[in-house]
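One structure is given below, encoded as structure tokens.
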Number of protein chains: 4
Amino acid sequence: MPDKKTETASHEPRWRRRKDDRPGEIMDAALDVFLEKGYAATRLEDIAQKAKVTKGTLFIYFTNKEDLFRSLVREGIGQLAAFKDQSHTDLRASAHEIILLMVHNWWKFLANSNFGKLPKIIISEATNFPDITKMYMDDVILPGRKMMADVVQKGIDAGEFQSVDAEIAARIILAPLFMLLIWRYSASAFEKKPIHELDYINTHVNLSINGLQVRPATP
Amino acid sequence: MPDKKTETASHEPRWRRRKDDRPGEIMDAALDVFLEKGYAATRLEDIAQKAKVTKGTLFIYFTNKEDLFRSLVREGIGQLAAFKDQSHTDLRASAHEIILLMVHNWWKFLANSNFGKLPKIIISEATNFPDITKMYMDDVILPGRKMMADVVQKGIDAGEFQSVDAEIAARIILAPLFMLLIWRYSASAFEKKPIHELDYINTHVNLSINGLQVRPATP
Amino acid sequence: MPDKKTETASHEPRWRRRKDDRPGEIMDAALDVFLEKGYAATRLEDIAQKAKVTKGTLFIYFTNKEDLFRSLVREGIGQLAAFKDQSHTDLRASAHEIILLMVHNWWKFLANSNFGKLPKIIISEATNFPDITKMYMDDVILPGRKMMADVVQKGIDAGEFQSVDAEIAARIILAPLFMLLIWRYSASAFEKKPIHELDYINTHVNLSINGLQVRPATP
Amino acid sequence: MPDKKTETASHEPRWRRRKDDRPGEIMDAALDVFLEKGYAATRLEDIAQKAKVTKGTLFIYFTNKEDLFRSLVREGIGQLAAFKDQSHTDLRASAHEIILLMVHNWWKFLANSNFGKLPKIIISEATNFPDITKMYMDDVILPGRKMMADVVQKGIDAGEFQSVDAEIAARIILAPLFMLLIWRYSASAFEKKPIHELDYINTHVNLSINGLQVRPATP
DNA sequence: GATGAATGAGCTTTCATTCAT
DNA sequence: TATGAATGAAAGCTCATTCAT
């Protein structure tokens, strides 16, 4: 039986300096733990472990638990800007085509980034972190709802859509998207059979557009 | 020695705090605090204060914080049975009429009872209380979704609705209802102008039905 | 060997309610630990142990370590008022008689109360707790020094004492008293033979008075 | 490759930080921080910053915080030897002249060297570092007190001074000096008007000598 | 039963110390 | 040698739970 200490080769160093990467790694780890357990139930220990550092390290990069939480939400919201830059909507398309495109683009972004983890967190912590909720409302919800409402209104004005309250319609169109995201990170694990998210999204847009249109596609 | 509260005419006090109401009062208080702050961030002190008892009293009726939480969720889910008993759907109506009725009935129930406070709680605590989530899924979500899916399927079979995946359609119809509830107990306080919930619900059913119908109402 | 649990008689209760006495007991314990170790080196655990309670109990009566410290210093300073009430100086006596009396009275008070533990604490924590130091200065040092200076001045005016700066003289008269106290609670344990405090005080007053007088007692 | 720091004219840099000065610089910085905050409340980070090095560097020269502290006190005590070498007392002078000289010499040394910072530190940390306190007692306090007591005794023997306990008298003569030093590094910042230290010292020696003398200077 | 003082386990945070760079 | 990121033991503090009153 060989003596452990005699092993010739590479002793893995006890730790490594990762000054530049750490904050991001910690925030990523923290986001997932906060998402799963909620802010209060999350122990810094869990985050540290997931980020493969020790508790103390967290305090090198963030002043405290709250600061870590806020930073990570802010960081998440910040990703929206990047998304906006790369997403352009066809200008002359009909309203239903724009909606189709928007929903799919948005979903692609929401479904595949940390950004999509925010809704569940925001909803859970809304009253405990009012300032964050307000920021999310102002920077994410309201602009998104506005964009959707504008397209709906455009459709109404063009005679393509029925006359409805455009803002309410926008909320209703967006609700299933958010619900799907929130569900994904909470109860969906308890579904008997997994949700086919894309089918859900497709069915949703079709029904929505169909519901809005004055003369539906089916003749 | 006469009871101070005794009204002039009768010897029966009009209102008396029955010993057996204590647990109910505590659960009501607890529900609201858990709803606002989440399970972990809620201090029993807060609940006690809201229920106008002291911390110690909570432990007379519930073995611990977790038991109080579980009890209150179970109690909430239990209300569903009472609701089911009193709600009957017209048997011969057309699918869209049934949907219209169901959504309004459900919303009336959800919007005005403690039952409607559960979704936000379940979503926030889903992973921390898997057994509760499972119970909610089995007793509430799946049956409700099934009922809705059955009506949709009935509409499809009758040629009233387009051919869609009835279960997905059911989810989509229910999503805005739950979203509205969840929103009400989290971020809605941060809306610029308050949501008119009934307009939202009405617009939603109309669009949904319109979206499903083979030949929409507007000719 | 008897089973512990079978012991018939008085099981000492795990704890007892002492709402009214606790704060004082805790402050007394804390004063001694702070005096011995200094503020920063004192662990709440030590205080709790000395006060025969657990750490948690400290937080029932004081919001945090700092609050406990401040409270206890304030409490200590407060004792001065009680002392002042009971100490009267003879009005017509000669200056040297008043000094004699004052020093002895003061020393009796300083040497036998918690009040006398403050100087060492104040000096050690002066820069860490500037507000406390200021309070001690304004409420204790300056008034005390003023009283002594007034007597010295009276002696000078009456031709009994040499002409010196009365305030400086007051400081010098008080210095050995404070030094003795500070020493008592710090290095005196390391003296080869213990200090005879009363001899020290007596010698000091005699020398001081003798030093001040225009014509000394020895003919 | 030429040294960047090399001055134009000479190859010898005008000023170079000698390797051997590091420990001294660190101890100087540490002394001041320990003096201000006390041992436990001092963070090595603060010392490092004041010494213009980083935390890690401290551990190159000192094995740990305690070692740094002990070293610096020992170093301070060591200065006493140098002082003793250069201070000679006139052998044939009268006792009161020697006292006058001694006090002034000692004060000059205490007031202007790091040595004078020790008393406050020793008093504050006496019980936490008994060995240091003992060392200070044996090497500083007792010899100093002995010297003073010897002079007083000499005065008594010569009939110049009253008969008092020489050791106690020595303590009393020294007390205001130490008190002044301790005060300077603690509460003196909170005095309404700054203390004129030399006036204080002068008044003190005069009063002390006057107090001791059988026949005072003022006839 | 009801109360709330007291407990103690557990979490956040600090900081002396180590060690990869 | 010097640095400072990373560690981890220890301290302050919170709060669910117990239990004397």
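Lettering of chains follows the sequences in order, A, B, ..., and the numbering in each one begins at 1. The shown structure was predicted, so the numbers you read here are calculated from the model rather than taken from an experiment.
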What nucleic acid atoms does A/R17 come within less than 4.0 Å of, heavy atoms only: base, sugar-phosphate, or nothing?
base
At a heavy-atom distance below 4.0 Å, what parts of residues 29-50 of chain A sit against DNA chain E?
A/T42, A/R43, A/L44
I need the A/R18 CZ to A/T57 OG1 distance, nearest 0.5 Å.
11.5 Å
Shortest side-chain distance from C/W15, nucleotide among E/dT3, F/dG12, E/dA5
E/dA5
Pairwise distance CZ(C/R74) to CG(C/L118) - rounded to 0.5 angstrom
12.5 Å
C/L58 CG to E/dG8 P, in whole Å, measures 13 Å
For D/F69 and D/F129, take the angle between the two ring planes, folded into 0 to 90°, and tell me which bin it lands in: parallel under 30, tilted 30 to 60, perpendicular over 60.
tilted
Return the nucleotide paired to F/dC15: Watson-Crick means purine N1 to pyrimidine N3 with N6-O4 or O6-N4, wobble means G-U with N1-O2 and O6-N3, both under 3.5 Å.
E/dG8
Base paired to E/dT3 (Watson-Crick or G-U; both N/O distances under 3.5 angstrom)
F/dA20
Winner on side-chain proximity to B/T54, out of F/dT7, E/dT7, E/dG4, is E/dG4
So B/T133 and B/E125, do their side chains get closer than 4.5 Å, heavy atoms only?
no
Just N and O in the side chain of A/R14: are any of them under 4.0 Å from OP1 or OP2 of F/dA5?
no
Output the single nucleotide from E/dT7, F/dT7, E/dT3 whose closest atom is nearest the side chain of B/T57.
E/dT3
Between F/dC19 (P) and B/K55 (NZ): distance, integer Å:
15 Å
With a 4.0 Å cut-off, would you call C/K50 and C/D28 a salt bridge?
no
Measure from the side-chain heavy atoms of C/P13 and tell me the nearest of E/dA5, E/dC19, F/dA20.
F/dA20
Between E/dA6 (C1') and C/R22 (CZ): distance, integer Å
8 Å
Could you tell me which non-hydrogen atom of B/I123 sits nearest to which non-hydrogen atom of A/S186, and how far apart they are?
O-CB, 3.4 Å
Mind checking the CG-OH spacing from C/D67 to C/Y61? Nearest 0.5 Å is all I need.
14.0 Å
Decide yes or no for C/Y39 and C/K65: does some side-chain heavy atom of the first lie under 4.5 Å from some side-chain heavy atom of the second?
yes
Could you check how far CG of B/D21 sits from P of E/dG1, rounded to whole Å?
14 Å
With a cut-off of less than 4.0 Å, is there a side-chain N or O of A/R16 near OP1 or OP2 of E/dT21?
yes
Can you list, by residue number, the residues of residues 59-74 of chain A that have a non-hydrogen atom closer than 4.0 angstrom to DNA chain E?
A/F59, A/N64, A/K65
Nearest 0.5 angstrom please: B/L44 CG to B/I26 CD1, how far?
10.5 Å
